[in-house]
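Hydrogens, waters and symmetry mates play no part in the numbers below; they use all other heavy atoms, side chains included. Numbered from 1 within each chain, the chains take letters A, B, ... in sequence-line order. Model, not experiment: these values are computed from the prediction.
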There are 4 protein chains.
Amino acid sequence: MAKMESYPGQIEKKEKIIKAALEIFSRKLFHQVAMSEVAAASGVGKGTLYLYFESKEALFHEVIKYSYNTYYESLKNCLEAGKNARDKLEKVMEMQKGFMQSQKKFVYLLAEEKLISSLILEEEAFQYQQKIIDLVCQVIDKGIEDGEFKSMDPSLAAKIFMGGVAALWYGAYVYEGKEYQEQNPVDEIMDIIYSGFCTESEQ
Amino acid sequence: MAKMESYPGQIEKKEKIIKAALEIFSRKLFHQVAMSEVAAASGVGKGTLYLYFESKEALFHEVIKYSYNTYYESLKNCLEAGKNARDKLEKVMEMQKGFMQSQKKFVYLLAEEKLISSLILEEEAFQYQQKIIDLVCQVIDKGIEDGEFKSMDPSLAAKIFMGGVAALWYGAYVYEGKEYQEQNPVDEIMDIIYSGFCTESEQ
Amino acid sequence: MAKMESYPGQIEKKEKIIKAALEIFSRKLFHQVAMSEVAAASGVGKGTLYLYFESKEALFHEVIKYSYNTYYESLKNCLEAGKNARDKLEKVMEMQKGFMQSQKKFVYLLAEEKLISSLILEEEAFQYQQKIIDLVCQVIDKGIEDGEFKSMDPSLAAKIFMGGVAALWYGAYVYEGKEYQEQNPVDEIMDIIYSGFCTESEQ
Amino acid sequence: MAKMESYPGQIEKKEKIIKAALEIFSRKLFHQVAMSEVAAASGVGKGTLYLYFESKEALFHEVIKYSYNTYYESLKNCLEAGKNARDKLEKVMEMQKGFMQSQKKFVYLLAEEKLISSLILEEEAFQYQQKIIDLVCQVIDKGIEDGEFKSMDPSLAAKIFMGGVAALWYGAYVYEGKEYQEQNPVDEIMDIIYSGFCTESEQ
DNA sequence: AATGAATGAGCATTCATTCAT
DNA sequence: CATGAATGAATGCTCATTCAT
C-alpha cells in the first residue's frame with residue numbers, strides 16, 4: 001500500500017493503466033480479461049503492471065474505485081447544478097441517460113463488482129453505494145424541508161429513485177439497439193416519480 | 001447424433017443438477033465454478049453432467065432459464081392473488097422481499113447473466129425480461145383502466161416500479177446482514193410509489 | 001481367452017463386430033475411435049462389446065488378426081493360381097493393386113499396428129509378417145529350383161519384392177487421387193524386378 | 001496477434017523441444033504422448049511448449065518436418081558421395097541400415113504420420129515424399145543416361161528401390177534384435193536389385 | 001446374454017505471477 | 001524502473017469400462 005507512493009509522472013502511468021483496464025474490464029468478465037491484454041492496451045510490459053498493482057484483483061479493485069469516483073463526481077455535479085430538488089433529480093436522470101451511452105462500461109463493472117465480494121472488500125463497496133445514495137438522500141431531504149417534496153423517508157425515496165432510473169437505462173443498455181430507449185422521456189418518467197401512480201382524485 | 005436426448009425418467013436428475021448448480025453459480029462467478037464442484041454438489045459423477053448438459057455454458061444457460069421461470073411463476077402468483085392493482089403491486093414487493101432472502105442466488109445470476117451475452121442468447125434474455133415487465137405492465141394497464149392509477153405509460157411505470165423495488169432488495173442483499181433491510185417497510189415504499197414525491201398541495 | 005468359446009450364432013456377432021471395427025479403425029487412429037462408435041456401427045450395445053472382447057486393445061488385436069488372415073488368404077490364392085513363379089508374383093502385384101483400392105483400410109491398420117507394440121504382442125506380429133514373407137519365399141525358392149529365377153537368397157528377394165510392391169501401392173493410396181497410380185503398370189514393374197536395373201550388356 | 005513469433009535466439013530451445021519430442025513420439029502413438037511428458041523430457045515447463053508451438057498437433061507437425069529434413073539431408077549426402085549410380089544407391093542402402101539403427105524413431109514417425117492426415121497437411125506430406133523419390137529418381141535417370149542402367153521408368157524404379165530397401169530395414173527394426181538383420185548383406189541385395197530375379201540365360 | 005447410464009482418470013491448454021536481465 | 005520468457009496450477013471435457021437391470 002504505502003509502497004507505491006507517488007513519483008510524479010508515475011501517477012499518470014498508473015492512471016493510464018487503470019483507464020485501459022476499465023475499457024477492457026467493461027467489455028468482458030473478470031476472468032476473461034488477461035493481464036497481458038491489459039498490459040498491451042496500456043502500452044506497458046506485463047511485469048510493469050505488478051509494479052503498480054499487487055495483483056489482478058487489486059487492479060480490478062482500483063478500476064472499480066476509479067469508476068465509482070467518476071460516477072460520484074458526475075452525480076455531484078448534477079445535484080449541484082439543479083435549481084431545486086426536482087430539477088436536481090431531473091438532471092441526474094439526464095446524466096444517467098448519457099452516462100449509460102458513453103460509459104456503459106460502468107454499468108458492467110457495477111454489475112460484476114456486486115458479484116465479486118471476495119475481490120472488493122464488501123465494506124468498501126457498501127460505502128461507495130452508500131455515498132451515492134446519501135448524496136441523493138440529502139437532496140431529497142432538502143426537498144422535503146423546503147416543502148417541495150412531501151414528508152417521507154428520504155433514504156427510501158433515494159433508493160427507489162435511483163433504482164427506478166437505473167432500471168430504465170440498464171434495460172436500455174442491455175437490449176441496446178433493440179428498441180425504443182429514446183421513448184423513455186425524462187418528463188414522463190419524472191412525472192410518474194413525482195406525482196406517483198395514483199389518480200389525483202384518490203389522493 | 002441425438003446425443004443430448006434428456007433421458008426419459010431422468011428429469012429429476014437433471015433438475016437435481018440444476019438446483020445444485022444454481023446454488024453454486026449464485027455464490028461465485030461463472031469462471032470460479034468448477035464442473036467437478038457442481039458434480040460433487042449434485043451427487044453425481046463429473047461425466048454425468050455431460051450426459052445432461054452439453055457444456056458448462058449450456059448448464060449455466062439452463063440454470064438461468066430455471067431461475068427466470070421460478071421467478072416468473074412467483075410473480076404471476078402475486079399478481080393473480082392481489083385484489084386490485086395496488087394490492088397486486090404490494091404483493092410483488094412482499095414477494096421480492098422474501099425471494100431475495102430465500103433465493104438470493106437469483107439476484108446474482110441475473111446480474112451475471114447480463115454480462116454473459118455470449119452465453120445466453122441475447123434475444124432470449126431480452127424475452128425473459130420482457131415477459132416479466134409485460135406481466136407488471138398488464139396489471140398497471142388494468143389499474144389505469146379501472147381508474148385506480150392515473151393515465152401514464154404503463155411500460156415506463158412497470159420499469160420504474162420493478163427497478164425501484166429491485167434496488168431495495170438488491171441493496172438489502174448485497175450488504176446482507178449489515179443493516180436495516182427490515183426498515184424497508186412495504187407500506188412506506190408503496191406510499192412513495194403510489195402518491196409520488198411531491199407534496200399533495202402541489203398536485 | 002478360453003472363456004468366450006463359441007455359442008453358435010455368437011461367432012457371427014463377434015465377426016460382425018470385427019468387421020465394423022475394421023471399417024472404423026481403418027479410417028482413424030486407434031485413439032480416435034470410440035467404443036461407442038464401434039458399438040453403434042456393429043448394431044450392438046456398448047456393454048456387449050465387452051462380452052466378446054476384453055478391452056479396446058483386445059478388439060483391435062483381433063481386427064489386426066482378422067486383417068492379416070484376409071490378406072494371407074488372398075496372397076495364398078494368388079500364389080496358387082499362378083502358372084509359374086513369375087506369373088505368381090505378377091498375380092500378387094495385381095492383387096495388391098486391387099487390395100489397396102478395396103481394402104485400403106488394411107494398409108492403415110498395418111502401419112498403425114507396427115506402432116502399437118504394446119497392443120499386439122510383438123511376437124505375434126512378427127509371426128504374421130513372417131508367414132507372409134515365407135509364402136512368397138517359397139514361391140521364389142521354387143522359381144530358383146526350376147531355373148526360372150537365378151540363384152539368390154529367396155528370403156531377401158521376397159522382402160525386396162514385397163517392399164517394392166508395397167511402396168507402389170502404399171504411395172498410391174496415401175496420395176490417393178492426387179495422381180498417376182494407374183501409371184504403375186504391372187508389366188513395367190515386373191520387368192524392373194525381373195531383369196533388374198542394369199543394362200543387359202553389363203551382365 | 002503475432003503470438004507464435006519464435007523468439008529470437010531461442011531457436012536452440014525450440015530445437016531442444018523438437019528433439020525431445022521426436023524421441024517420445026517415436027516410442028508411442030500420438031495420443032499416448034502427454035504434453036507434460038514432452039515438457040519434462042525437454043527440461044522446460046509445460047507452458048513453455050505453448051510459447052513455441054501452437055498446439056500438440058503443431059508440435060507433432062514440426063517433429064515430422066524435422067525428421068523429413070534430417071532424412072532428406074542424409075539421403076542427399078549419400079547420393080552426392082557416390083561415384084556412379086550404382087554406388088550411390090549402395091550408399092543409400094548403407095545409410096538406411098544405419099539410419100534405422102540410430103534413428104529408428106523416424107520409421108515410427110513416418111508410419112504414424114501417414115495416418116494423421118488431418119495433422120499434417122496431406123499436400124505437405126505428399127511433397128516430402130515426392131522430394132525424396134525425386135532425389136533417387138534423378139540419380140537413376142542419370143544412370144540410364146550414362147548407360148549404367150537400362151532404359152526404364154526412373155520414377156517407378158525409384159519407388160521400387162526405396163520400397164524394397166525400406167522393407168528390409170523396416171522389418172529389421174520392428175523385430176529388432178529378434179534376428180538376422182546383419183544377414184541383409186548390401187552386396188547381395190544390390191545384386192538382386194541390379195540384375196533382377198531372372199536367370200541370365202533368360203535375358 | 002444384452003444394455004446403456006454412470007463414472008472418474010487423464011490430458012490439452014490457459015494465464016496470473018515471478019524473476020533474471 | 002521495465003520487461004517478457006518461463007512456469008505450473010487449475011479446469012473443461014472425453015471415453016474406456018463397469019454394473020444394475
Side-chain angles (χ1 to χ4, degrees), chain A residues 4 7 9-10 13 30-40 42-60, chain B residues 3 5 7-10 13 30-40 42-59, chain C residues 4 7 9-10 13 30-40 42-59, chain D residues 3 5 7-10 13 31-40 42-59:
Chain A
M4 1 187 121
Y7 295 79
Q10 304 304 351
K13 186 170 284 186
F30 180 78
H31 283 90
Q32 286 169 341
V33 173
M35 285 302 261
S36 59
E37 206 180 344
V38 175
S42 312
V44 303
K46 224 182 327 165
T48 308
L49 296 180
Y50 288 85
L51 293 179
Y52 294 94
F53 307 92
E54 266 182 347
S55 67
K56 187 183 178 186
E57 301 199 353
L59 167 59
F60 185 74
Chain B
K3 261 195 269 180
E5 226 32 274
Y7 304 129
Q10 308 294 352
K13 187 168 288 189
F30 180 78
H31 285 92
Q32 285 169 340
V33 174
M35 285 301 262
S36 59
E37 206 180 343
V38 175
S42 313
V44 302
K46 214 174 348 148
T48 308
L49 297 181
Y50 289 86
L51 292 179
Y52 294 94
F53 306 93
E54 262 181 350
S55 65
K56 188 183 176 185
E57 301 201 352
L59 169 58
Chain C
M4 0 187 119
Y7 294 79
Q10 303 305 350
K13 187 171 286 188
F30 180 77
H31 282 91
Q32 286 168 342
V33 173
M35 286 300 263
S36 59
E37 206 179 343
V38 175
S42 314
V44 303
K46 221 179 333 161
T48 309
L49 297 181
Y50 288 85
L51 293 178
Y52 293 93
F53 307 92
E54 265 183 347
S55 66
K56 187 184 177 185
E57 301 199 352
L59 168 59
Chain D
K3 262 194 267 178
E5 227 32 277
Y7 304 130
Q10 307 295 355
K13 187 169 286 187
H31 284 92
Q32 285 168 340
V33 174
M35 285 302 260
S36 59
E37 207 179 344
V38 175
S42 313
V44 302
K46 217 175 341 152
T48 307
L49 297 180
Y50 289 86
L51 292 179
Y52 294 94
F53 306 93
E54 260 182 351
S55 65
K56 187 182 177 185
E57 300 200 352
L59 168 60

Sugar-phosphate only, base, or nothing, as touched by Val38(A) at under 4.0 Å among non-hydrogen atoms: nothing
Nearest-Å distance for atom pair CZ/C1', residues Phe53(C) and dT17(F): 16 Å
Side chain of Ser55(D) - closest among dA12(E), dA16(E), dT13(E): dT13(E)
Nearest-nucleotide comparison on DNA chain E, the residue closer to the 5′ end among Gly47(B) and Gly47(A): Gly47(B)
Donor/acceptor link under 3.5 angstrom from Lys46(D) side chain onto base of dT13(E): yes
Whole-Å gap separating P (dA9(F)) and OH (Tyr50(D)): 16 Å
Separation of atom CZ in Phe30(C) from atom C1' in dC15(F), rounded to whole Å: 12 Å
Candidate nucleotides dT7(F), dA16(E), dA6(E), ranked by approach to the side chain of Val44(D) - the nearest: dT7(F)
Nucleotide nearest Lys56(A) when distance is taken to its side chain, options dA16(E), dT3(F), dA5(F): dA16(E)
Nearest-0.5 Å distance that lies between atom OG in Ser42(B) and atom CE in Met35(B): 9.0 Å
Closest listed nucleotide, where the reference is the side chain of Leu51(C) and the choices are dT3(E), dT18(F), dC13(F): dT3(E)
Earlier contact from the 5' end, DNA chain F, for Met35(B) and Gly45(D): Gly45(D)
Dot-bracket notation for DNA chain F, counting Watson-Crick and G-U pairs under 3.5 Å, with | for partners on another strand: .||||||||||||||||||||
Value in whole Å for how far the P atom of dT11(F) lies from CG of Leu49(B): 15 Å
Minimum heavy-atom distance Phe30(B)-Lys56(B), with the two atoms named: O-NZ, 2.9 Å
dA2(F) OP1/OP2 closer than 4.0 Å to side-chain N/O of Tyr52(A): yes
Value in whole Å for how far the P atom of dA16(E) lies from CD of Gln32(B): 13 Å
Glu54(C) CD to dT17(F) C1', straight-line distance once rounded to whole Å: 13 Å
Closest nucleotide among dT7(F), dT17(E), dA16(F) to the Thr48(D) side chain: dT7(F)
Gln32(D) versus His31(C), closest heavy-atom pair with distance: CG-CE1, 3.4 Å
Between dG8(E) (P) and Glu37(B) (CD): distance, integer Å: 17 Å
Nucleotide nearest Lys13(A) when distance is taken to its side chain, options dA2(F), dT14(E), dA6(E): dA2(F)
Upstream residue (5' side of DNA chain F) when Gly43(D) and Val33(B) are each assigned their closest nucleotide: Gly43(D)
For atom CG of Leu59(D) and atom P of dT13(E), their distance in whole Å: 10 Å
Rounded distance (nearest 0.5 Å) linking atom CG of Leu51(D) with atom NZ of Lys13(D): 8.5 Å
